Amino acid sequence: MQSCLRALRELRQPFTLTLPVLVLLPLPLVVRSKEAYCGFVVLLMAVYWSTEVIPPPITAIVPVFLFPMFGIMTSKEVCKQYMKDTSMLFLGGLMVAVAVETCKLHKRIALRALLLVGVRPALLMMGFMGVTAFLSMWISDTATTAMMVPIAQAVLDQLNTTAPQLGDPEPGHGQTAGDQELEEKDATDEGIQPALISLVEQTQDADVEREMKVSAIPHSDTQREQQRLRKMLFLCVCYSASIGGTATLTGTGPNQVLKRQFSQIFPDNGDVINFASWFGFSFPNMLIMLTCCWLWLHLLFLGVNFRRLRTCHRENSPREQAAYGIIQGEYHKLGLMSFAEKLVLGLVILLIALWFTREPGFVSGWGSLFNREGEKFVTNTTVVMFITSLMFIMPSHRPRLKGWACNRTVEDEPGSDSRERLLDWKEVQRKLPWNVVLLLGGGFALAKGCEVSGLHLWLGKQLLPLENLPPWSMVALLCLVISIFTECSSNAGTATIFLPMLASMAVLTKLNPLYVMIPGTVSNSFPFMLPVATPPNAIVFSYGHLRVTDMVKAGFVLNLIGVVSVTVAINTWGRAMFHLDTFPAWANISRSP
């Protein structure tokens, strides 16, 4: 029996590789059309992305050889999709994140924020969520989670080690026992009968036994409280990492997919989706989602008692003081803010300012100075690559009067950083997640193949029955379907599959494409229920404190909250920001059926 099971395990990977091909092969063989060929490739990649039978970046390069074989696109056309403007934008954002991580600026921000909010459970969760969401806006959610979880683990360990142990004497208990012993001695001296003394001893033994049983109950409650606190903090870190990435255009993969596909399908859109417009819509929605997530986790793990938050002047317990000391100690280890940290912080602030002011929307930005003949020569990619280049040039130590060449002498100083520049290419090669670039490129190639073959138009027609629903309910239904689908597929892959379908449906029904594409994109960042849904979930699950049922119970409600939140957002301030009540001229494009 064991040999049979071992043989099945060995054949699992080949079976998972070949079975989807055999099941889907009749589609291109029976229906000989470009739509069927492209559908075969899309479904095959969706299965491989979901099962991860091969690495997702390798699945992303499947269009490079299958699209030319089926005659959908030439090899040159496919390969062009893997390094577009959006890919370079995401690559620049990742390199800026490497600079932030290398100088440990993100750790200083995280620890400082936790020192400000304190270590009471509700406030501690609020601090972890706020810091994680803020960092996830600028660096990857995976890197943010990997940095925040060890800090949470250290705080929790300190809280547990300073918890009261079973059998510890309660205050006043030793004094009461001493009084009882004195009374027994006086009674013996006065000649009380031995039977009476025996009765008193039995009564005292019963009292002691009862007190030990009672003292065991709070200890059991303490263990359960520690377990709830551990689950709460770990879940709040991974959830806030996913939520925080939705606030900025470079925060997560689906946002980049939307930017690229929207510009590709609607080339005359006038750069409606830029960093400032996306931030104006998504940042308030992120704050609402973060607040609702905090409230839900508080109700789930701490109950409905919010009165503790009003006791601001209450002294911290020994456990809370010890945990606060851990955070304070870690912060003091960082020392004073280094020259590299100050420089990186200044460049990041400059980057954000340039992104916001390039094309703010309500006034002409500085980017209009470089426009020629109606063409926008400067994009967000131009800005981030300029800042990244400066990071490769600027020194990581304060320059001396003799020039930057003297920085080499700093390497010999004990405990000094050997890097000469803010960014080192070897460090970038080691830390940069190059697989993300391939994943984005594969998504863009897949979207282009769907457009060329006409598959996205056919899929859009299949969604036409939804036009009979009220617009808000249609958006809510689509967001719910996408949030469920993204639990078993990569976020970028899900966005790549659904966004062209939503765009085609909107064009056919004369609906503003942004009305369905924006909430569909945000819903890709709601993988809250399963550990395999997203890397942040997998990281916190790997620590062994969570069960799948814990994530499902907490994540299911949070998915519903996310769907309601993004539906309300697109129908309120989103409608006013993007003029969603009208069908724009740039969306009136001719498409061959």
Side-chain angles (χ1 to χ4, degrees), residues 17-18 20-92 94 253-254 256-267 379 381 385 429 432-459 489-490 492-501 503-504 589 591-593:
L17 275 171
T18 56
V21 178
L22 296 177
V23 171
L24 298 173
L25 196 57
L27 179 63
L29 293 179
V30 176
V31 186
R32 293 182 174 274
S33 64
K34 285 189 176 182
E35 291 92 338
Y37 298 154
C38 188
F40 170 77
V41 178
V42 170
L43 292 175
L44 185 65
M45 293 177 65
V47 173
Y48 284 169
W49 266 332
S50 301
T51 59
E52 295 190 9
V53 63
I54 56 178
I58 304 304
T59 303
I61 64 176
V62 167
V64 175
F65 57 88
L66 282 188
F67 278 178
M69 289 173 60
F70 283 118
I72 300 174
M73 297 171 63
T74 65
S75 180
K76 290 183 179 179
E77 291 174 341
V78 177
C79 293
K80 286 179 181 178
Q81 309 303 317
Y82 283 81
M83 192 52 72
K84 292 286 188 177
D85 178 81
T86 307
S87 301
M88 292 295 291
L89 172 63
F90 199 60
L91 188 63
L94 291 174
Q256 296 295 316
V257 174
L258 170 68
K259 172 65 176 175
R260 175 56 193 163
Q261 290 194 0
F262 186 74
S263 300
Q264 187 171 293
I265 299 173
F266 307 105
T379 64
T381 306
M385 284 302 171
Q429 283 182 311
L432 193 70
W434 298 98
N435 59 331
V436 178
V437 180
L438 282 179
L439 284 173
L440 283 177
F444 299 150
L446 207 58
K448 187 65 175 179
C450 291
E451 180 186 357
V452 172
S453 66
L455 177 63
H456 70 296
L457 186 61
W458 181 86
L459 293 172
S489 178
S490 67
T494 304
T496 300
I497 294 171
F498 276 93
L499 289 182
M501 297 165 47
S504 299
I589 57 178
R591 295 176 182 273
S592 57

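The structure presented is a predicted model; accordingly, all values stated were derived computationally and were not measured. Atoms considered below: every heavy atom in the structure, side chains included; atoms not considered: hydrogens, waters and symmetry mates.
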Going from CG on L27 to CD on E35, what distance comes out if it is rounded to the nearest 0.5 angstrom?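 L27 CG to E35 CD: 10.5 Å, rounded to 0.5 Å.
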d(T18 OG1, L25 CG) to nearest 0.5 Å is 12.0 Å
[X] to [Y] - nearest heavy-atom pair and separation:
X: V78; Y: P63; answer: CG1-O, 3.7 Å
X: P57; Y: L438; answer: CB-CD1, 4.1 Å
X: I72; Y: G449; answer: CG2-O, 4.0 Å
X: K34; Y: S453; answer: O-CB, 3.5 Å
X: I61; Y: Y82; answer: CA-OH, 3.5 Å
X: A36; Y: V31; answer: CB-O, 3.0 Å

Partners of L432 by side-chain contact (heavy atoms from CB on, under 4.5 Å), sequence neighbours excluded? L91, L94, M95, V98, V428, W434
Residues that V23 engages under side-chain contact (heavy atoms from CB on, under 4.5 Å), provided they are two or more places apart: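 So V23 forms a side-chain contact (heavy atoms from CB on, under 4.5 Å) with L19.
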Ignoring hydrogens and angles, tell me if any N or O in the side chain of Y48 forms a donor-acceptor pair with the backbone of A60 under 3.5 Å. no
What residues form a ring-ring contact (aromatic ring centres under 6.0 Å, His included) with F40, not counting sequence neighbours? F70
Taking only residues two or more places apart in sequence or in another chain, which ones pass ring-ring contact (aromatic ring centres under 6.0 Å, His included) with F498? F485
Measuring only between side-chain heavy atoms, which start at C-beta, is L499 closer than 4.5 Å to I265?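 They are not in side-chain contact.
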Any side-chain heavy atom of V62 within less than 4.5 Å of one from F67? no
